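Working notes, beginning with the structure itself.
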Amino acid sequence: MKDLRPALRAFLLSDMAIASVVDGARVYPQRMPQGEAGASVVYTRVSGEGDYTMQGPSGFVRTRFQIDAWASTADAATVLANLIKDRLDGYRGVMGEDADAITVHGVFIAAEREDFDEAAKLHRSGRDYIIHHIEL
């Protein structure tokens, strides 16, 4: 079974516009490091479901990811979230490289949200994406 997370991170960072906003590195699984103040991306696998035939698993998987863009202003968070949307929404092809490569059949936006984290003093523009991919 392949893990989509490394491929997703590499795919986001391979976009020059996204990489420049996050200084080529601030894309984190599940949560940002404490004290991080720069524009960042946090991705979380929310759910996933496999597909089956009478012979067993087909290898096709539908995974939901929450991808949050964090920044010091609401506008900056929205700009970063829109760059991510431009990169992901409707994508079909290969994400990642070598052993981490995953064949993606489609990426679809499913939900959006915005808020402000008082403790971190950061704005969040979050979106959920459904990623259809091959797991085997």
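Since we're looking at a predicted model, the values are computed, not measured.
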A side-chain contact here means heavy atoms from C-beta on lying under 4.5 Å apart; do V41 and L80 qualify?
yes
Roughly how far, to the nearest 0.5 Å, is CD1 of I102 from CZ of R5?
11.0 Å
Side chain to side chain donor-acceptor pair (under 3.5 Å) partners for E118, two or more places apart
K121
Q66 CD to T44 OG1 distance, which is reported to the nearest 0.5 Å
5.5 Å
So the salt bridge (charged side-chain N to carboxylate O under 4.0 Å, His left out) pairs with at least one residue in residues 23-37 (sequence neighbours excluded) are D23-R26, R26-E36
Would you mind reporting whether R45 and D3 have side-chain heavy atoms less than 4.5 Å apart?
yes
Does Q34 have any side-chain contact (heavy atoms from CB on, under 4.5 Å) partners at least two apart in sequence or in another chain, and if so, which?
none
Could you tell me whether a side-chain N or O of T53 sits under 3.5 Å from a main-chain N or O of Q55, the two making a donor and an acceptor?
yes
Write out all pairs satisfying side-chain hydrogen bond (donor to acceptor under 3.5 Å, both in side chains) with one or both partners inside residues 75-99, taking only residues at least two apart or from two chains.
S14-R87, T78-E114, N82-R127
Not counting sequence neighbours, which residues clear side-chain contact (heavy atoms from CB on, under 4.5 Å) with A17? List them please.
D15, L83
Filter on ring pair (Phe, Tyr, Trp, His ring centres under 6.0 Å), then keep only pairs touching residues 93-114, sequence neighbours left out; what's left?
F108-H132
Do V61 and I134 have side chains that approach each other closer than 4.5 Å (heavy atoms only, starting at C-beta)?
no
Sequence neighbours excluded, which residues qualify as salt bridge (Lys or Arg N to Asp or Glu O under 4.0 Å) partners of D100?
none
Residues in salt bridge (Lys or Arg N to Asp or Glu O under 4.0 Å) with D117, at least two apart?
none
At their closest point, which heavy atom of I130 faces which heavy atom of A110, and how far apart are they?
CG1-CB, 3.9 Å
Could you tell me which residues satisfy ring pair (Phe, Tyr, Trp, His ring centres under 6.0 Å) with H123, sequence neighbours excluded, listed by chain and number?
F116
Closest non-hydrogen contact found for A77 with A71 is N-CB, 3.5 Å
For residues L88 and I67, determine if any side-chain heavy atom of one lies less than 4.5 Å from a side-chain heavy atom of the other.
yes
Nearest atoms (heavy-atom pairs only) where L13 meets A25
CD2-N, 4.0 Å
Residues in side chain to side chain donor-acceptor pair (under 3.5 Å) with R64, at least two apart?
D128
Are T63 and H133 close enough, and set up right, to give a side-chain hydrogen bond (donor to acceptor under 3.5 Å, both in side chains), and what steps lead you there?
CA-CA 8 Å; T63 305; H133 61 97; 3.0 Å; yes
Side-chain heavy atoms of I131 within contact of F65, under 4.5 Å:
yes
Can you list the steps and then say if I84 with L12 is a side chain to side chain contact (heavy atoms under 4.5 Å, CB included)?
CA-CA 7 Å; I84 295 165; L12 292 173; 4.1 Å; yes
First locate atom OG of S125, then atom CZ of R113, and finally report the distance between them rounded to the nearest 0.5 Å.
9.0 Å
With a 4.5 Å cut-off on side-chain heavy-atom distances among I, L, V, M, F, W and Y, is there a chain of contacts connecting M95 to F60?
no
Taking side-chain contact (heavy atoms from CB on, under 4.5 Å) as the definition, give me every residue that meets it alongside A37, ordered by chain and number, with sequence neighbours left out.
none
Would you mind listing the cluster partners of Y28? Hydrophobic ones only (ILVMFWY), side-chain contacts under 4.5 Å, chaining allowed.
M32, V42, W70, L122
